[in-house]
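Data first, discussion second: the structure below is written as structure tokens.
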Amino acid sequence: PMLVKPSFIGKGYQFWMHGIRASHLAEITSDPARLDDGNFWAVLTTFEGQYHFARFKKVEEAAFADAPWTRLERPWKSNMEMIDYIAYIHAIKEAIAAGGVYQVNACRELSHFLGDKPQGLNGLFSEILKAHPAPFASYMKIPGFEIASASPERFLSRTDDHIITSPIKGTIRWNQEEFGEKDKSENLMIVDLMRNDISQICQPGSVEVSALFRQEKHPGITHLVSDIEGQLAPDVTWREILAATMPPGSVSGAPKSTAVKIISENELSPRGPYCGAIGFIHGKRAELAVGIRTFWTTGDKYLRYGTGAGITWGSDAQSEWEETQLKARHLISIAGGDL
């Protein structure tokens with residue numbers, strides 16, 4: 001573990017989620033064994049499996065402190081043009097036709113040049129809380145990362161030995177009524193995958209699907225969500241929990257190992273915090289969100305935002321591109337700059 005140096009003090013390192021504010025950074029580590037010590041840890045795991053854990057000494061209930069945000073004006077750039085994204089979708093459909101995979105989440109990264117004096121993302125997060133409230137909204141500033149997330153998706157919630165995951169699969173516009181069969185079959189695949197994942201860390205027979213295909217309304221869109229719950233096995237560690245469940249199934253695909261391989265072969269840059277997990281672990285209490293609808297910076301002069309869609313055999317490539325635009329549009333409009 002890297003204990004906090006005096007040079008870290010006064011840098012504004014903090015974490016906020018669910019009305020809980022953590023400050024006074026005390027330690028940074030990548031060792032999941034540290035998470036079992038009962039302290040409050042802010043958690044960031046990248047899609048590629050890198051761990052960033054930050055122990056904070058002061059934890060309190062507090063509203064997020066308002067900060068100003070100057071709207072961005074330059075256009076956003078996608079690391080994949082529409083023609084390339086559509087080619088990626090066709091490559092996935094060929095892999096599905098060959099029988100190796102059923103579903104792959106295909107993503108691309110949007111970036112915006114911030115200039116020589118980048119503003120902090122606490123101001124952007126203030127705007128998100130007003131204009132796009134999300135059940136798992138969080139702000140994190142730790143060495144190497146600043147993150148403003150409007151995630152709607154629970155990855156793992158833990159209360160004592162009870163654990164629940166709520167994958168989102170299926171998106172329609174807010175004014176549409178019905179989800180199609182494609183959305184439901186996609187959701188069912190991920191329910192099976194997540195049930196398998198948490199069965200590895202839960203007591204035999206305790207894992208159940210407590211809700212299937214419930215609808216959740218969010219700004220501009222409606223999501224199809226399912227809940228899978230279980231009782232954790234005795235003495236299971238956080239290292240074992242993360243190893244069994246990362247990366248989140250809803251943003252990788254099924255089977256997960258094949259989907260992750262296809263993603264690494266086709267996507268042009270690592271996803272990083274996007275599609276990883278963001279949240280906190282505090283003893284036997286935890287709230288971890290899937291890192292979607294998330295802005296982040298890593299110390300260079302760019303603000304990043306990821307967007308994606310689940311691809312199945314029934315996918316229409318043009319519609320999937322439109323879905324990635326739909327998912328990005330509302331939050332990009334809060335930050336500023338054309339999509």
Side-chain angles (χ1 to χ4, degrees), residues 45-51 79-80 84-109 153-156 165-171 180-202 207 209 212 223-226 228 230 239-277 288 290-292 306-321 323-324 327:
T45 72
T46 69
F47 180 78
E48 290 75 27
Q50 293 165 319
Y51 293 151
N79 71 343
M80 215 181 274
D84 300 315
Y85 188 77
I86 285 174
Y88 179 15
I89 291 172
H90 288 310
I92 291 169
K93 290 181 76 168
E94 282 175 23
I96 293 170
V101 70
Y102 302 107
Q103 194 247 348
V104 178
N105 207 57
C107 297
R108 58 192 177 97
E109 182 181 286
E153 182 172 357
R154 171 192 282 123
F155 175 44
L156 292 173
T165 180
S166 304
I168 288 175
K169 263 291 156 242
T171 304
E181 285 310 306
K182 184 242 174 194
D183 286 317
K184 289 178 180 173
S185 66
E186 209 182 329
N187 192 293
L188 203 54
M189 280 182 219
I190 300 305
V191 166
D192 275 346
L193 189 153
M194 296 306 293
R195 193 165 55 181
N196 272 345
D197 280 1
I198 71 168
S199 290
Q200 297 174 52
I201 48 170
C202 284
V207 176
V209 180
L212 188 64
H223 283 312
L224 196 62
V225 188
S226 296
I228 304 105
R239 181 192 296 278
E240 291 165 331
I241 293 169
L242 293 173
T245 55
M246 283 294 301
S250 62
V251 287
S252 45
K256 194 190 281 188
S257 56
T258 314
V260 167
K261 186 168 182 290
I262 291 169
I263 288 165
S264 66
E265 288 168 355
N266 286 275
E267 295 187 14
L268 301 174
S269 52
R271 294 183 183 179
Y274 175 56
C275 294
L288 299 176
V290 177
I292 56 173
T307 187
I311 311 305
T312 63
W313 177 245
S315 288
D316 172 73
Q318 185 69 41
S319 302
E320 299 294 358
W321 168 266
E323 183 172 315
T324 68
K327 286 173 174 172

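Inter-residue side-chain proximity for Arg108 and Glu267 is flagged as unmet; no heavy-atom pair is nearer than 4.5 Å. Contact of the Phe155 side chain with the Ser250 side chain is not registered, since no non-hydrogen atoms from C-beta on lie closer than 4.5 Å. A heavy-atom distance below 4.5 Å is found between the side chains of Tyr88 and Met80. Looking only at side-chain heavy atoms (C-beta outward), Pro270 and Thr46 stay at 4.5 Å or farther from each other. Counting heavy atoms from C-beta on, the side chains of Ser226 and Leu212 come closer than 4.5 Å.
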Can you list the steps and then say if Thr245 with Ile201 is a side-chain contact (heavy atoms from CB on, under 4.5 Å)? CA-CA 9 Å; Thr245 55; Ile201 48 170; 4.3 Å; yes

Intermediate values then yes/no, side-chain contact (heavy atoms from CB on, under 4.5 Å), Tyr274 and Ile292: CA-CA 6 Å; Tyr274 175 56; Ile292 56 173; 4.0 Å; yes

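Between the side chain of Asn187 and the main chain of Leu224, a donor-acceptor pair closer than 3.5 Å is present. Within the 3.5 Å criterion, the main-chain N or O of Arg271 finds no donor-acceptor partner in the side chain of Glu109. Thr307 contributes a side-chain N or O that, together with a main-chain N or O of Thr324, makes up a donor-acceptor pair within less than 3.5 Å.
The OG1 atom of Thr258 sits 10.5 Å away from the CD1 atom of Ile263 when rounded to the nearest 0.5 Å. Here the SG-CG distance, from Cys107 to Asn266, works out to 12.0 Å after rounding to the nearest 0.5 Å. Considering CG of Asn105 and OG1 of Thr312, their distance stands at 11.5 Å, rounded to 0.5 Å. Between the CG atom of Leu188 and the CZ atom of Arg195 there is a distance of 8.0 Å, given to the nearest 0.5 Å. Remark: Ile96 CD1 to Gln103 CD distance equals 7.5 Å, nearest 0.5 Å. Between the CG atom in Leu193 and the CE atom in Met189 there is a gap of 11.0 Å [rounded to 0.5 Å].
The residues Lys256 and Asp197 are annotated as salt-bridged, a charged nitrogen and a carboxylate oxygen being separated by less than 4.0 angstrom. Looking at Lys182 and Glu320, a side-chain N of the basic residue comes within less than 4.0 Å of a carboxylate O on the acidic one, giving a salt bridge.
Here the shortest heavy-atom pairing between Asp316 and Ser319 reads OD2-OG, 2.7 Å. The two residues Ile89 and Ala317 come nearest to each other via the heavy atoms CD1-O, 3.7 Å.
Lys169 pairs with exactly one of Glu186, Glu323, Glu153 by the salt bridge (Lys or Arg N to Asp or Glu O under 4.0 Å) rule, that one being Glu186.
Around atom OH of Tyr85, more than 12 heavy atoms belonging to other residues, nucleotides or ligands sit under 6.0 Å away.
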